[in-house]
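Take a look at the structure set out below.
Naming: A, B, ... by sequence-line order, numbering from 1 per chain.
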2 protein chains.
Amino acid sequence: MSLPAASLSSKAERTRDRILEVALELFREKGYEATTMRIIAAAAGVSLGSSYYYFPSKEHLVQGFYEGMHVGLVEATREALATERDLKARLRLVMRARLDVVAPYHVVSGSLFRTAADPHSPLSPFSEASGPTRRESIAFLKEVVEGSDARIPKDVAPTLPHLLWLYELGLVLFWVHDRSPGQKRSYDLADDSVDAIVRLLALAHLPVLRTVRRQILKWVSTIVAEGPGAEDIDA
Amino acid sequence: MSLPAASLSSKAERTRDRILEVALELFREKGYEATTMRIIAAAAGVSLGSSYYYFPSKEHLVQGFYEGMHVGLVEATREALATERDLKARLRLVMRARLDVVAPYHVVSGSLFRTAADPHSPLSPFSEASGPTRRESIAFLKEVVEGSDARIPKDVAPTLPHLLWLYELGLVLFWVHDRSPGQKRSYDLADDSVDAIVRLLALAHLPVLRTVRRQILKWVSTIVAEGPGAEDIDA
DNA sequence: GTCTATAACCGGATAGAC
DNA sequence: GTCTATCCGGTTATAGAC
């Protein structure tokens, strides 16, 4: 989807793209379960067997979805991030945009994310296969922080993007479960939790908080170092 | 499983129990996917159709698992909790016991918890069907706190058990993904995060933290009020 | 009405011919 | 690279036994 567009045969590539495109549309329209591989194949004008030639499993069709969501977030926030310098405002607009971008998929999100919970699945956010997207997301959050005028304590700075990535994951997890109209609660939670995060960051330098700060940094490192390898930590 | 043991016919009940027992054992031995309903039925000495008479779906077999895990935790900690009064020690032993109790199921946990991520699934920790177990867990954590000699700020007290429940959920989620030998990282994380939590609680009364404290309480309420109904909040 | 069994359906995945 | 035929397992329909 965001691969170097050259080098691969064109007929095959168009077939592949068509299958993926059709599949994502059907997922959104009818849901993940209701969209059978047979229907996808038919809609894309290929046989069932051919679909499996391009995508080894139904799950693999969902990887394209994730990458799309990340690209969508970057595009949706580029303009606003270019001018805004206040950290709280930056984080808030990013998290709100995150929710906006995934919004059309809320109905399906349950069954879509279902697979993501399984660590053995390539769709797990911690998996090898998700590595590229994960690293891109963390790098993006790093920019969100560094582009602000906030002063972040030296020891917190390297871990902060990872912490924010975990936080974003949690927010989306909440959103998946959020049945309030328009997922209003998720937006409220985003606002409230961003407030708390920024305030905590502002207080982080206080001597009383030195020990907790270290403790928290320690366990965030533990969490983020988790996964297929230690490569995550220096993304 | 923890129902009033009377009132239902005994032959049927024994059949039901046998199916469940056999299923859990097979899940642990061979994994969730590899254990087919046909195998379960055969091992329990009934026909496939009969299994479906007792358990409407394969997922429903997993509900018994959850309840078992909760009962296991309570039993594993009863003795130690009876004498220990220090909050940090109490929380630490509870969280370590939580990991001990689920340990035999680590290999399977991925596919087992997979379904739990789907909000539409009865296996979701936030679902109606999980309500009883969820409320029991929160009530248990309330006792863990109240049985300690720690002084908890008045405004924090009612929300704390819910916060701890979310925290426990997160810990287990991490454990599911933890591939370190013996899941050592999960135990480390439990220790470190309990330290941080207890320290934060001790500092919570400080005037500088008043605003953050309120903000955090607010969004924890938002999260926990989420789900099938508002009944969660007064469990 | 409670329980059990057999046969079939449906959809994800695979084999192998062309 | 594309197809058809088939497998396999969760689930359902339904008939009948106790």
Side-chain angles (χ1 to χ4, degrees), chain A residues 7-20 22-24 26-27 29-65 108 111-112 114-116 118 120-123 129, chain B residues 3 6-24 26-27 29-65 108 110-112 114-116 118 120-123 129:
Chain A
S7 81
L8 274 180
S9 77
S10 53
K11 283 171 199 173
E13 195 159 288
R14 278 205 311 278
T15 311
R16 197 197 129 95
D17 286 354
R18 198 171 63 247
I19 296 173
L20 181 56
V22 158
L24 291 186
L26 287 170
F27 286 161
E29 276 174 26
K30 324 175 40 148
Y32 183 73
E33 263 79 46
T35 306
T36 72
M37 288 300 280
R38 283 161 179 87
I39 294 179
I40 295 172
V46 296
S47 77
L48 177 61
S50 291
S51 313
Y52 276 95
Y53 174 77
Y54 289 103
F55 295 92
S57 85
K58 196 177 177 183
E59 295 185 4
H60 280 76
L61 282 165
V62 186
Q63 283 286 10
F65 169 76
V108 215
S111 31
L112 239 42
R114 178 182 188 135
T115 328
D118 185 348
H120 306 305
S121 163
L123 264 63
Chain B
L3 292 174
S7 81
L8 275 181
S9 76
S10 53
K11 284 171 198 172
E13 196 159 286
R14 278 206 310 278
T15 310
R16 197 196 130 96
D17 287 353
R18 196 172 65 247
I19 295 174
L20 181 57
E21 199 179 325
V22 159
L24 293 186
L26 286 171
F27 287 161
E29 274 174 27
K30 325 177 38 150
Y32 183 73
E33 264 77 46
T35 305
T36 73
M37 288 300 280
R38 284 163 180 85
I39 294 178
I40 295 172
V46 295
S47 77
L48 179 60
S50 289
S51 314
Y52 275 94
Y53 174 78
Y54 290 103
F55 295 94
S57 83
K58 197 178 177 181
E59 294 186 4
H60 280 77
L61 283 164
V62 186
Q63 283 286 11
F65 169 76
V108 216
S111 30
L112 239 42
R114 179 181 190 137
T115 329
D118 185 346
H120 306 305
S121 163
L123 264 63

Would you mind reporting whether B:Ile40 and B:Met37 have side-chain heavy atoms less than 4.5 Å apart?
yes

d(CD, A:Glu33; P, C:dG12) in whole Å
9 Å

Among the nucleotides D:dC3, C:dA5, D:dT11, whichever has the atom closest to the side chain of B:Ser47 is C:dA5

In whole Å, I'd like the distance from the CD atom of B:Glu13 to the P atom of C:dC3.
10 Å

How many Å lie between NZ on B:Lys30 and P on D:dG9, as a whole number?
10 Å

Assess whether side chain to side chain contact (heavy atoms under 4.5 Å, CB included) is satisfied between A:Lys58 and A:Thr36, documenting all intermediate values.
CA-CA 9 Å; A:Lys58 196 177 177 183; A:Thr36 72; 5.8 Å; no

Regarding B:Ser51, tell me which of base, sugar-phosphate or nothing describes its non-hydrogen contacts under 4.0 Å with the strands shown.
nothing

Any A:Tyr32 side-chain heavy atom under 4.5 Å of A:Glu59 side chain
yes

Rounded to whole angstroms, how far apart are CG on B:Leu48 and P on D:dT14?
17 Å

Heavy-atom check, side chain of B:Arg18 versus side chain of B:Val46, under 4.5 Å
yes

Is the shortest side-chain N/O distance from B:Thr36 to OP1 or OP2 of D:dG9 below 4.0 Å?
no

Return the value, rounded to whole Å, for the distance between atom CZ of B:Phe27 and atom C1' of D:dG9.
13 Å

May I ask you to verify if any side-chain N or O of B:Tyr53 is less than 4.0 angstrom from the OP1 or OP2 atom of C:dA5?
no

What is the distance, to the nearest angstrom, from the CZ atom on A:Arg38 to the P atom on D:dT6?
14 Å

Between NZ of A:Lys58 and C1' of D:dG10 the distance, given in whole Å, is 14 Å

Taking OH from B:Tyr32 and C1' from D:dG9, how many angstroms apart are they, rounded to a whole number?
12 Å

Measuring to OP1 and OP2 of D:dG1, would you say a side-chain N or O of A:Ser50 lies under 4.0 angstrom away?
no

Among C:dA5, D:dG10, D:dT2, find the nucleotide with the atom closest to the side chain of B:Val46.
C:dA5

Are B:Arg16 and B:Phe55 side-chain neighbours, meaning at least one heavy-atom pair lies under 4.5 Å?
yes

From C:dT2, D:dG1, D:dT12, nucleotide with atom closest to B:Tyr52 side chain:
D:dT12

